[in-house]
Amino acid sequence: MTEIQLEKITKKYGAIETIHGIDLTVTDGEFVVLVGPSGCGKSTTLRMIAGLEPITGGDLRIGGEIVNEHEPKERNIAMVFQNYAIYPHMSVRQNIGFGLYTAKMSKADKNKRIEETAEMLGLVELLDRKPSALSGGQRQRVAIGRAMVRNPVAFLFDEPLSNLDAQLRSQMRIEIKRLHQRLKSTIVYVTHDQVEAMTMADRIVVMRDGHILQSGSPTDLYENPSDIFTARFIGNPSMNMITAIATQNGLVAENGNAVLSVASPDVAINSKVSVGVRSHALSVGVPNGAAGLTLTGEILVLEPLGSETLVHIDTADGVVIASAPALHQLTAGQTVSAFASVENLYFFDSDSQKALMRP
Ligand code: ADP
Ligand code: MG
């Protein structure tokens, strides 16, 4: 059982607190991704779990035992970094075996473990090569192998794919995910890239400024963001956001020409409401008279993606990104309308930034 439990964990550097009492339980075998912008405290949190950074306050439990004061090696957790630092003068076999450097095992047992690990990572044919004769993806797999070979109770990954090109990154995402499906090991994975979080995680934990904002499955976060930050951070393009005022007769665009035929959510009259809509739910064309949001403006730019075209529209309520079918006849400079029906709209309190019940 390798449950990792953070209870009111804080971190101070001198007088400055950077992690503000976070609670998080990673269950046995779960793949949890911590995601958030640079500087929000992802690496610090991971390093505290690994034992590379002292914990200022709170309790860290691994498998039920408080390990705040345990040395990294007593925790038996493996960490894979962005700069995977494999040794250029060593072969793949020696690099993977380096993970067993301090292990009290016979040479034969060590070799057996190295070969089993190489087998799992598709590195068997490459065991005698030097890193210079490997591709970027193969080198990253060697680094993972060095972590795996020790049979750790959990894996921690800190932005391990950031140095790879886009194609390799998406390939390695799949490889790590498949590895997890086979090993069923507990994983805490840190990234600033919401695509990595969405595609790999069992559960995503959104961090901001040393706090956890929300945690849930990728679909849950995408469909039910609890605040504006998560709504705009998860999903690409970012959720469009229009500011409206709650009136007796429904929402009215704060300034601009957005047409809202929607009742006001349960907030005080005259308070500001941010109305969100994802691009794929905002389609270019004539509104069909249904309740919802209509925006009108000039096309700034078109982004054909093959399966659809993203249409950037300069409206009086700000630039929004709508979606049009791939072969739609549209040109920059043209004036168009985009429409989203009410069930595709999100509502947030503009002051607290928190999600409101849909009216
Ligand atoms: P992330 O990994 O999410 O980009 P970090 O965990 O590296 O963020 O950093 C979180 C915050 O802690 C940042 O504001 C950073 O400046 C601060 N920080 C990190 N390491 C140190 C340190 N050794 N001394 C002082 N402040 C630090
Ligand atoms: Mg970091």
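Computed over heavy atoms, backbone and side chain alike; hydrogens, waters and symmetry mates excluded. Everything numeric here is computed off the predicted structure, so don't read it as measured data. Both ligands and their constituent atoms are indexed starting at 1 by order of listing.
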Shortest protein heavy-atom distance from [atom], along with the residue and atom involved:
{"atom": "atom 1 (P) of ligand 1", "result": "G39 N, 3.5 Å"}
{"atom": "atom 18 (N) of ligand 1", "result": "Y13 CE1, 3.4 Å"}
{"atom": "atom 5 (P) of ligand 1", "result": "T44 OG1, 3.5 Å"}

Tell me, do L293 and V277 make a side-chain contact under 4.5 Å, heavy atoms counted?
yes

With a cut-off of 2.8 Å, does S43 place any N/O/S atom under that distance from the Mg ion (ligand 2)?
yes

Logged contact type for T18 with ligand 1, heavy-atom cut-off 4.0 Å, is side chain

In Å and rounded to the nearest 0.5 Å, what is the CD1 to CG distance from I234 to L221?
5.5 Å

Run the contact test for G36 against ligand 1 with a 4.0 Å cut-off on heavy atoms, strictly below, and give the result.
no

Kindly state if atom 14 (O) of ligand 1 has a protein heavy atom within a strict 4.0 Å cut-off, that is, under 4.0 Å?
yes

Proximal atoms of ligand 1 relative to S38 (non-hydrogen, under 4.0 Å):
4 (O)

Closer than 4.0 angstrom, basic N to acidic O: yes or no for [X] and [Y]?
{"X": "E116", "Y": "K112", "value": "yes"}
{"X": "E196", "Y": "R173", "value": "no"}
{"X": "R178", "Y": "E175", "value": "no"}
{"X": "R61", "Y": "E3", "value": "no"}

Honestly, is R358 close enough over Y346, meaning NZ or CZ under 6.0 Å from the six-membered ring centre and within 45° of the axis?
yes

Hey, is ligand 1 close enough to S43 that some N/O pair sits below 3.5 Å?
yes

